[in-house]
Visitor: 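Dumping the structure here so I can ask a few things about it.
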2 protein chains.
Amino acid sequence: MGQQLAFCGDRPKSRPAPARSPDVSAVRHLRLFDDLDLEAQADILRLARPQRLGPGEAPLRQGDAPDLVFLVLSGRFKAVQVTSEGAQVVTRLVGPGDLMGHVAVLNDKPHSATPIAVLESLVLAWNCDDFMEAMRRHPGFAVAVMRGMAASIQEAHTRLREAATERVEQRIAHAVLRLARQAGRRVANGVEIAFPLTRQDIALMTGATLHTVSRTLSAWEHQGLVDGGRQHLVLRAPWVLARIAGGAAGGEETIASAGRPSGE
Amino acid sequence: MGQQLAFCGDRPKSRPAPARSPDVSAVRHLRLFDDLDLEAQADILRLARPQRLGPGEAPLRQGDAPDLVFLVLSGRFKAVQVTSEGAQVVTRLVGPGDLMGHVAVLNDKPHSATPIAVLESLVLAWNCDDFMEAMRRHPGFAVAVMRGMAASIQEAHTRLREAATERVEQRIAHAVLRLARQAGRRVANGVEIAFPLTRQDIALMTGATLHTVSRTLSAWEHQGLVDGGRQHLVLRAPWVLARIAGGAAGGEETIASAGRPSGE
DNA sequence: GGTTCTCTTTGCGGATCCGCAAAGAGCGGG
DNA sequence: CCCGCTCTTTGCGGATCCGCAAAGAGAACC
């Protein structure tokens, strides 16, 4: 918090053992550990320290020196980037199996965003030296981390393309569909975004204003495409939203007018 | 040059030695090989095959299955992504030391963009299996690859923020400054973008139209901030452009009206 | 239960920037 | 040397979407 830019090796290598060492069973189902044998998993986990965060809390802050790497076990975070002028963006949504802080550690630059918990969350924290050492000792781990980064790059480039070529309504459609894929839960009327999400959040993800997002969602609600609510959203007709995202003008489209939902 | 693309693994593991095995001296100055000893460098290079591409040529194409990974030794590429509707974006600029195709290989998905050479270029190509094997065998190499990916993520997120929060003129300013940093060459009147760059290219990088870019550059040229030309651009007053990028309105700004160029 | 706060909705004017159109300018090829 | 190509410039109308403003709705707190 108040600490100056201090690089990752300032802390003594042999620090006191963490309160409780996390159990392998907590992570073995994550794709990050797929390729690793039990011994490697245990070796990596031995260095990790569990940490719990409530909504609104952040494990690290934009501008901080990169000293820790986090793995999300449960819960969800939104990574918010703030410019010097005060403008904000949500660069990505972080869920179970995703890492936080590794990009800054690898770049050896200050963290470029603040991941804010939107749900009660459980994470594992590594000292960044330990994290790098784990990757050097277990190449399979390094490759798994890279896979996650590759997915992150693809998503960023996809959003970049959307931002450059699509109108606001299409971008919002893409955003909510992506949210449904990443954090959706099947409910009676459709797919629910499974964490508190404000219109403002969607605006920060799409480069639109709060007002435009509200107007768009209202219109969709009148057409029966979504169910809105305070920090709450249910997609009733994802396939129609997909058509809107794909470029169909949002005119007089209704649930019935486009292909029905066969498989997901 | 005219050789066909072969799938990843189609070729026998112990294939005949390439026409000429690339020399370690060609890559040892690249950051990608910084942490590796000579033996490791040689081991990785042994599997690589050099390839030359002229302007307009592409080592791989969007939609192709990921079978090869390329390292740029010299020259430059622009990565172009095309949507099904025909809209285009330039997702990134690739120069010496950068990789191409690795993201798709790691994701095990088709390539999401086509890197088009804008200069006579020399690259090294790995069979993707060999590339993965090299990373597993040399963790330092894997980490170096990751550093490049981390930089790529940061740049993408930066552009995402710009696209979401800035006006066109600011985005163009940011884009040309980034170009100058990545591919700039000091000349008498300022910094020259050292490869053929059309207004259309800048438009595809900023999410603007060709016309708006042309208008903006014309205005800057009248103010003496840049020297334009066919596929050609020289930044005469990068510090003023930096002010514009930072949010200063592009009104009656001249070279003299803002801080002078002390250091770079 | 009332108050306060955040979040959401909706209206309206206007700046930005696209989209179409057409004419100039540099460059290579026949 | 002229032709044809691509790239660039410039004008103009109009749609999109922001920015300001203000009221309504839901949840939390005392």
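A note on names: the letters A, B, ... follow the listed sequences, proteins ahead of strands, and every chain is numbered from 1.
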Visitor: Hey, could you give me each pair passing salt bridge (Lys or Arg N to Asp or Glu O under 4.0 Å) that has a residue in residues 203-219 of chain B? Not counting sequence neighbours.
Guide: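 Matches after skipping sequence neighbours: none remain.
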Visitor: Angle between the two end axes of the helix from C/dG1-D/dC30 to C/dG30-D/dC1, five base pairs per end, rounded to 10 degrees?
Guide: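 What I find for the helix from C/dG1-D/dC30 to C/dG30-D/dC1 is an axis angle of 40°.
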Visitor: Given D/dC17, is OP1 or OP2 found less than 4.0 Å from the side-chain N or O atoms of A/Thr209?
Guide: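 Answer no for this pair, as no side-chain N or O of A/Thr209 is under 4.0 Å from OP1 or OP2.
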Visitor: Rounding to a whole Å, what distance do you find between B/Glu166:CD and D/dC17:P?
Guide: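 Whole-Å distance recorded here is 19 Å.
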Visitor: Can you tell me if B/Glu155 and B/Gln182 form a side-chain donor-acceptor pair at under 3.5 Å?
Guide: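 Judged by distance alone, the side chains do pair up.
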Visitor: Can you sort out the partners of B/Arg185 under side-chain hydrogen bond (donor to acceptor under 3.5 Å, both in side chains), two or more places apart, ordered by chain and number?
Guide: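 B/Arg185 satisfies side-chain hydrogen bond (donor to acceptor under 3.5 Å, both in side chains) with B/Glu192 once adjacent residues are dropped.
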Visitor: Taking atom C1' of D/dC7 as reference, at what distance in whole Å does atom CG of B/Leu233 sit?
Guide: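 Nearest whole value for this atom pair: 14 Å.
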Visitor: Rounding to an integer number of Å, can you tell me how far A/His232 NE2 sits from D/dG26 C1'?
Guide: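 Taking NE2 of A/His232 and C1' of D/dG26, I get 13 Å after rounding.
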Visitor: Any donor and acceptor pair, going by atom type alone, linking the side chain of B/Thr158 with main-chain N or O of B/Gln154 inside 3.5 Å?
Guide: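 Yes.
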Visitor: Counting distance only, does the side-chain N/O of A/Arg236 pair as donor-acceptor with the main-chain N or O of A/Glu221 below 3.5 Å?
Guide: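 Checked: no pair found.
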Visitor: Side chain of A/Arg76, backbone of A/Ala194: donor and acceptor closer than 3.5 Å?
Guide: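 A pair under 3.5 Å: no.
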Visitor: Does OP1 or OP2 of D/dC7 have a side-chain N or O of B/Thr198 closer than 4.0 Å?
Guide: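 No.
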Visitor: Output yes when a side-chain donor or acceptor of B/Gln51 lies under 3.5 Å from a complementary backbone atom of B/Ala125, and no otherwise.
Guide: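 Checking the backbone N and O of B/Ala125 against the side chain of B/Gln51, no donor-acceptor pair under 3.5 Å is found.
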Visitor: If each of A/Leu197 and A/Arg167 is mapped to the nucleotide of DNA chain C with the nearest heavy atom, which maps nearer the 5' terminus, i.e. the 5' end?
Guide: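 The residue closer to the strand's 5' end, by nearest nucleotide, is A/Leu197.
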Visitor: Treating B/Glu57 as the side-chain partner and B/Ala117 as the backbone partner, does any N or O pair qualify as donor plus acceptor under 3.5 Å?
Guide: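 Checked: no pair found.
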Visitor: Rounded to whole angstroms, how far apart are CD on A/Gln231 and C1' on D/dA28?
Guide: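 Atom-to-atom, A/Gln231 to D/dA28, this comes out as 12 Å.
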Visitor: Name the pairs: protein N/O against N/O of nucleotides 9-11 of chain D, kept only if under 3.5 Å.
Guide:
| from | atom 1 | to | atom 2 | distance (Å) |
| --- | --- | --- | --- | --- |
| D/dT9 | OP2 | B/Arg199 | NE | 3.2 |
| D/dT9 | OP2 | B/Ser214 | OG | 2.7 |
| D/dT9 | O5' | B/Ser214 | OG | 3.4 |
| D/dT10 | OP2 | B/Ser218 | OG | 3.1 |
| D/dT10 | O4 | B/His211 | ND1 | 3.3 |
| D/dG11 | N7 | B/Arg215 | NH1 | 3.0 |

Visitor: When rounded to the nearest 0.5 angstrom, what distance separates CG in B/Leu233 from CG in B/Asp201?
Guide: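 Here the interatomic distance stands at 11.5 Å.
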Visitor: Once you round it to whole Å, what is the distance between P of D/dC18 and CD of B/Gln170?
Guide: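 So the CD-P distance, B/Gln170 to D/dC18, works out to 15 Å.
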Visitor: Indicate for each nucleotide in nucleotides 24-30 of chain C, in 5' to 3' sequence, whether protein heavy atoms under 4.0 Å reach the base (B), only the sugar-phosphate (S), or nothing (-).
Guide: --BS---
Visitor: If only atom types and distance count, is the side chain of B/Ser218 paired as donor or acceptor with the main-chain N or O of B/Ser214 below 3.5 Å?
Guide: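 Confirmed, B/Ser218 side chain pairs with B/Ser214 backbone.
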Visitor: For residues 170-179 of chain B, dump all side-chain donor-acceptor pairs below 3.5 Å to protein atoms at least two apart in sequence or in another chain.
Guide:
| from | atom 1 | to | atom 2 | distance (Å) |
| --- | --- | --- | --- | --- |
| B/Arg171 | NE | B/Thr206 | O | 2.8 |
| B/Arg171 | NH1 | B/Glu166 | O | 2.9 |
| B/Arg171 | NH2 | B/Thr206 | O | 3.2 |
| B/Arg171 | NH2 | B/Gly207 | O | 3.4 |
| B/His174 | ND1 | B/Glu166 | OE1 | 2.9 |
| B/His174 | ND1 | B/Glu166 | OE2 | 3.4 |
| B/Arg178 | NH1 | B/Glu162 | OE2 | 3.4 |
| B/Arg178 | NH2 | B/Glu162 | OE1 | 3.1 |

